[in-house]
Visitor: 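So that we are looking at the same thing, I have put the structure below in structure tokens.
The structure displayed is predicted, hence computed values, not measured ones.
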Amino acid sequence: MDVDYAGFTDLLQQAEQLTADIDGEGELPRVERNLRQIVDAGQQLWSRTTQAVSKDTCDIKASILLGSKGYDLPRISQKIESLTSARTFEPIEPIRETDIQGFLKNERENAMLSVIEESKKATFERSDKMFWETLDSEWEQEKMKILNALVGPSQELLEVTTDVKSFLSETINLKTRSAMDNFEIMYAKELSSYNEQAVRGGTKCNLPEKFHSLFKELDDKKVVELWEMVKTMADIPLKADKDILAARNSLLIQTSLIKQSRIYLERKYFEYIQGIVFGNLLQAQLGPRPGAYYVVRSFLKMKMLHQPTGLEDGFVDGNPVWAVIYYCLRCGKLDAAVAAAKNVGDSLRDFLPYLVEYEENEGLRLKPNSESYIQLQYRRSVRSSTDPFKRAVYCILGCVTLDANSEIMDKTEDYLWMKLCQLRPEDAGNIAQDTLTFPKLQSQLLEEYGEAHFNAYQQPYLYFQVLFLTAQFEAAIEFLFRIESLRCHAVHIAVVLYELNLLALPSSCNAPLLSKASADKPPMRRLNLSRLLMMYTKKFETTDPREALQYFYILRDLRSNRGMNLFMACVSELVLETKEYEMLLGKIEPDGCRKKHDKVIEILNKLLSQVVPQLNVVGSNRQRLENLALSIAERYKMQGHNATPETAGTFFLLLDLMAFFNFYHNNQHVDALDTIKDLKILPFDIKDVEQKVTSFSSYSEEVRRNFPDVLLATMNILYSEYKKTKQTANILQDSRYKNENLNQEKNISYLRSQASALITFAGMIPYRMPGDTNARLVQIEVLMI
């Protein structure tokens, strides 16, 4: 049978073309099932339809419809589910055909999508950056608030009457009791005076001297020594104009700081020796001749009753010569040390020139050749000497590290003084590796030994002294601030050093309280003064906003990370926190003038009137208000005020009445009686009663409300004087004292007439007196009959 090969070839080509069309971009899908499989799939669909007519009706109908057209619905569903919306913005694949118009269209769409994608990405990045910056800023603010809230204030409220409450609602929210203790109040008062001088532009007072005098009057020995230390270390010839730590590392400043530290330790030790000697003059046998040498000689006679063995090179005035020289050096009396070396004879002939040279250099250092000679002598023979004082003197002059010597250095101050004597400032770099320098000593005390070695929390003054005398001011202040009872001293030491330009501050106000910059030489630290003051004032800013304002004024030259003046920032926060707008910011009158004197006095009058007759107890509301009122009265007398005469008169009268009650409670009856008579508000003669009753109506309510207590106190004073005079009259009843007895009888009659005038006045004044007051007044008058 013949086969038409040409027909089969055409048929094959047509089949391949159909296959290619199906695999390509044709509209018809490729059939992947045979007829048998299609029949089975149809049967399954039909059975599903008959079994569950109401279930997935839409899916079944779609499957039947699409299945009749050759589409596999489950497979298409999977493809649709795998699609994502992100593909919408993906670049469109360029078409394969050489269609220029389609190609340009695709490129345009791709460019637009690319711009949209880049804009979206940039927007998200910018938003993300702004979010984190805002979050970081808010967190820094909250973190500072949390840190500053570690010290909280007392929240007791002042008991005020209804009329006062309505008045205060327009002015300030007053507290009863200051959250400040006595030390804090005294410090704040002195700082306020200092700031006033700064505002006026006059010569500022010596602030460390002021604080020192303050506690010297109180006879608080530890705090007095604290401020003596600050005064001494602050007395250096140069104040830094650039970076504080860089200046403190200079040769001149280091030398000055070492010298001042030694001066303080030497002066305190000489005072200690003087106290022992002058407290035991009989045993000390000081003699008539003055001078440091004789004080040291007498001290050694008491200290070395049984002289130890092994002492060398003879005695001077009965004392070992090396012991005398050492203690003269320890007291800073170099001339006395030279005198002792000269008086001993020829035994110190070779050593004497070097001691004289040491005196001429004011104890700072010998010349290099002289120092090398002393070091050589120490290594050759003195190191093995049995005389501990001789070894110590050689170590001081030669800057040689002294081996452990408990016979001499039995206290931390002695050890510190010895180390300071052996120091060599870092100068041109010609320092031997084993030489003790100032930075090495600082690192040793702060980082190697630290708080545990010095038992710091049990001996806070000692550890502060160790750090402060080695010019580690910032670390010393931060340690003292951590102890609540000493916190106020730490704050004011920081203020003093800052005002003297000696305190190292961090570059950021958000830095920790004590920080270290990467460029700083170890172990130098920086103290965040703004954070220190904010933490300190947090305790009392709600009860004493005026005092808090004085501390914020110290920050007037500092700025926040965002460039805002810290003083303004703190005041704004304080005003919003306390809502004391007029008190802190003042008041603008209708004519444009700023006044608040009248308001201040009105407030004080309301408060003073409540506490005038009370006993003046330390730390009480009365004491705090009286101190505040006296300071304001003193300022107004010096600078003047713009308050009305009536308000100012009430203010000063209340202060005088407080003075009267102070005398009365202290049983100073004569002074109290003179005070109340000078005020001329009570009648002490019956003819003055009507005039005083008329004057009573002119007084303000703040004064009138205190009249019952004033009358009662005055009557008690008169009765006390009456009893004393009566007792004297009874003693003088003898005829030999007739004239004196007559005088006493006149005094008794005069006291009775004064009491009678007061009783008449109390009954006539248009004021409702408490019932028990009237009864007590009448009872006292009856007792005087």
Visitor: Give me the atom names and distance for the closest heavy-atom approach of P523 to S443.
Guide: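 Scanning both residues, the minimum pair turns out to be CD-OG, 3.3 Å.
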Visitor: Give me the atom names and distance for the closest heavy-atom approach of P512 to N528.
Guide: O-CB, 3.4 Å
Visitor: So how far is it from M186 CE to H492 NE2, rounded to the nearest 0.5 Å?
Guide: 10.5 Å
Visitor: Are side-chain N/O atoms of E209 and S213 paired as donor and acceptor at under 3.5 Å?
Guide: yes
Visitor: Any donor and acceptor pair, going by atom type alone, linking the side chain of T675 with main-chain N or O of F660 inside 3.5 Å?
Guide: no
Visitor: Would you check if the side chain of N616 reaches a backbone N or O of N662 as a donor-acceptor pair within less than 3.5 Å?
Guide: no
Visitor: A quick test of your reading: do over 12 heavy atoms of other residues, nucleotides or ligands sit less than 6.0 Å from OH of Y272?
Guide: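 Check fails, neighbour count at 12 or below.
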Visitor: Is any NZ, NE, NH1 or NH2 atom of the basic residue among K539 and E484 found under 4.0 Å from an Asp or Glu carboxylate oxygen of the other?
Guide: no
Visitor: I need the H212 NE2 to E225 CD distance, nearest 0.5 Å.
Guide: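 Answer for the NE2-CD pair, H212 versus E225, is 9.5 Å.
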Visitor: Give the C-alpha distance, both sets of side-chain angles, the deciding distance and a yes or no for side-chain contact (heavy atoms from CB on, under 4.5 Å) between F183 and D220.
Guide: CA-CA 11 Å; F183 284 171; D220 193 324; 3.5 Å; yes
Visitor: Let me see the working for R531 and C509 under side-chain contact (heavy atoms from CB on, under 4.5 Å), right down to the final yes or no.
Guide: CA-CA 7 Å; R531 173 161 290 176; C509 66; over 6 Å; no
Visitor: Between A633 and L655, what is the shortest heavy-atom contact and its length?
Guide: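 Looking at all heavy atoms of both residues, the closest pair is CB-CD1, 3.7 Å.
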Visitor: Would you say the side chain of L257 lies within less than 4.5 Å of the side chain of I236, judging by non-hydrogen atoms?
Guide: yes
Visitor: Going by the rule salt bridge (charged side-chain N to carboxylate O under 4.0 Å, His left out), which residues pair with E413 if we only count those two or more places apart in sequence or in a different chain?
Guide: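 Counting only residues at least two positions away or on another chain, E413 forms no salt bridge (charged side-chain N to carboxylate O under 4.0 Å, His left out).
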Visitor: Please identify each residue that fulfils salt bridge (charged side-chain N to carboxylate O under 4.0 Å, His left out) with R622, with sequence neighbours left out.
Guide: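 Scan of R622 (salt bridge (charged side-chain N to carboxylate O under 4.0 Å, His left out), adjacent residues dropped) gives E626.
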Visitor: Could you check whether atom NZ of K210 has more than 12 heavy atoms from other residues, nucleotides or ligands sitting under 6.0 Å from it?
Guide: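 Not more than 12 within 6.0 Å, no.
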Visitor: Can you tell me how far the CZ atom of R267 sits from the CG atom of L265, to the nearest 0.5 Å?
Guide: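 It comes to 9.5 Å.
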Visitor: Between E451 and R482, is the side-chain contact (heavy atoms from CB on, under 4.5 Å) condition met? List the steps.
Guide: CA-CA 12 Å; E451 299 176 12; R482 280 184 265 142; 2.7 Å; yes
Visitor: Which of parallel (below 30°), tilted (30 to 60°) and perpendicular (above 60°) describes F540 and Y536?
Guide: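 F540 and Y536: perpendicular rings.
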Visitor: For E190, which residues count as a salt bridge (charged side-chain N to carboxylate O under 4.0 Å, His left out) partner, sequence neighbours excluded?
Guide: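 With sequence neighbours excluded, E190 shows a salt bridge (charged side-chain N to carboxylate O under 4.0 Å, His left out) to no residue whatsoever.
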Visitor: Got a donor-acceptor contact below 3.5 angstrom from the D235 side chain to the K231 backbone?
Guide: no
Visitor: Please check: side-chain N/O of E499 versus main-chain N/O of V496, any donor-acceptor pairing under 3.5 Å?
Guide: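 Absent.
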Visitor: I need the single residue from Y553, Y551, F552 that forms a ring-ring contact (aromatic ring centres under 6.0 Å, His included) with F567. Which is it?
Guide: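 Testing each of Y553, Y551, F552 against F567, the sole residue satisfying ring-ring contact (aromatic ring centres under 6.0 Å, His included) is Y553.
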Visitor: If you compare all heavy atoms of P545 against all heavy atoms of L574, which two are closest, and at what distance to 0.1 Å?
Guide: O-CD2, 3.7 Å
Visitor: Would you say that L503 contacts E474 through its side chain, given a criterion of any heavy-atom pair below 4.5 Å between the two side chains?
Guide: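 Contact flag for L503/E474 side chains = yes.
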Visitor: Decide side-chain contact (heavy atoms from CB on, under 4.5 Å) for E228 and K268; before the verdict, give the C-alpha distance in whole Å, the side-chain angles of both, and the deciding distance to 0.1 Å.
Guide: CA-CA 10 Å; E228 285 178 358; K268 296 305 293 184; 3.1 Å; yes
Visitor: Is there side-chain contact between L529 and L532, with heavy atoms separated by less than 4.5 Å?
Guide: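 With C-beta onward as the side chain, the pair touches.
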Visitor: Quick one: does R526's side chain have a donor or acceptor within less than 3.5 Å of a partner on K516's backbone?
Guide: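 Flag not set: sc R526 to bb K516 has no pair under 3.5 Å.
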Visitor: Indicate yes or no for a side-chain donor-acceptor contact from R248 to the backbone of A471 under 3.5 Å, with no hydrogens or angles considered.
Guide: yes
Visitor: Is there a side-chain contact between L226 and L486 in this structure, where contact means two heavy atoms from C-beta onward sitting under 4.5 Å apart?
Guide: no
Visitor: Write out all pairs satisfying side-chain hydrogen bond (donor to acceptor under 3.5 Å, both in side chains) with one or both partners inside residues 458-472, taking only residues at least two apart or from two chains.
Guide: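 The answer is T470-Q472.
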Visitor: Tell me whether the centres of the aromatic rings in F211 and H489 are closer together than 6.0 Å.
Guide: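 F211 vs H489: aromatic centres not under 6.0 Å.
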Visitor: Are Y187 and F215 near enough that their ring centres are under 6.0 Å apart?
Guide: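 Ring centroids of Y187 and F215 are less than 6.0 Å from each other.
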Visitor: Distance from Q610 atom CD to N706 atom CG, nearest 0.5 Å?
Guide: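 The CG atom of N706 is 10.0 Å from CD of Q610, to the nearest 0.5 Å.
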Visitor: On a heavy-atom basis, which atom in L416 and which in V466 lie closest, and how many Å separate them?
Guide: CD2-CA, 4.2 Å
Visitor: Just verifying a value: how many Å separate L441 CG and I258 CD1, rounded to the nearest 0.5 Å?
Guide: 8.5 Å
Visitor: Side-chain contact, heavy-atom cut-off 4.5 Å: R487 with E184?
Guide: no
Visitor: With sequence neighbours excluded, tell me which residues meet side-chain contact (heavy atoms from CB on, under 4.5 Å) with A476.
Guide: F464, L467, F468
Visitor: Contact between C205 and Q197 at the side-chain level, heavy atoms closer than 4.5 Å - yes or no?
Guide: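 The answer is yes; the side chains approach within 4.5 Å.
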Visitor: Show the nearest heavy-atom pair for residues A179 and D544, with the distance to one decimal.
Guide: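 Shortest heavy-atom separation between A179 and D544 comes out as N-OD1, 3.5 Å.
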Visitor: Rounded at 0.5 Å granularity, tell me how far OG in S609 sits from CG in L653.
Guide: 12.0 Å
Visitor: With the side chain counted from C-beta on, respond yes when D709 and L657 share a heavy-atom pair under 4.5 Å apart, and no when they do not.
Guide: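 Not touching, per the 4.5 Å side-chain cut-off.
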Visitor: Evaluate the side-chain proximity of Q550 to Y194: yes if any heavy-atom separation is below 4.5 Å, no if none is.
Guide: no
Visitor: Return the set of residues passing salt bridge (charged side-chain N to carboxylate O under 4.0 Å, His left out) with E702 (not counting sequence neighbours), or none when no residue passes.
Guide: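 Here the qualifying residues are K606.
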Visitor: Is any side-chain N of the basic residue among R525 and E478 closer than 4.0 Å to the acidic one's carboxylate O?
Guide: no
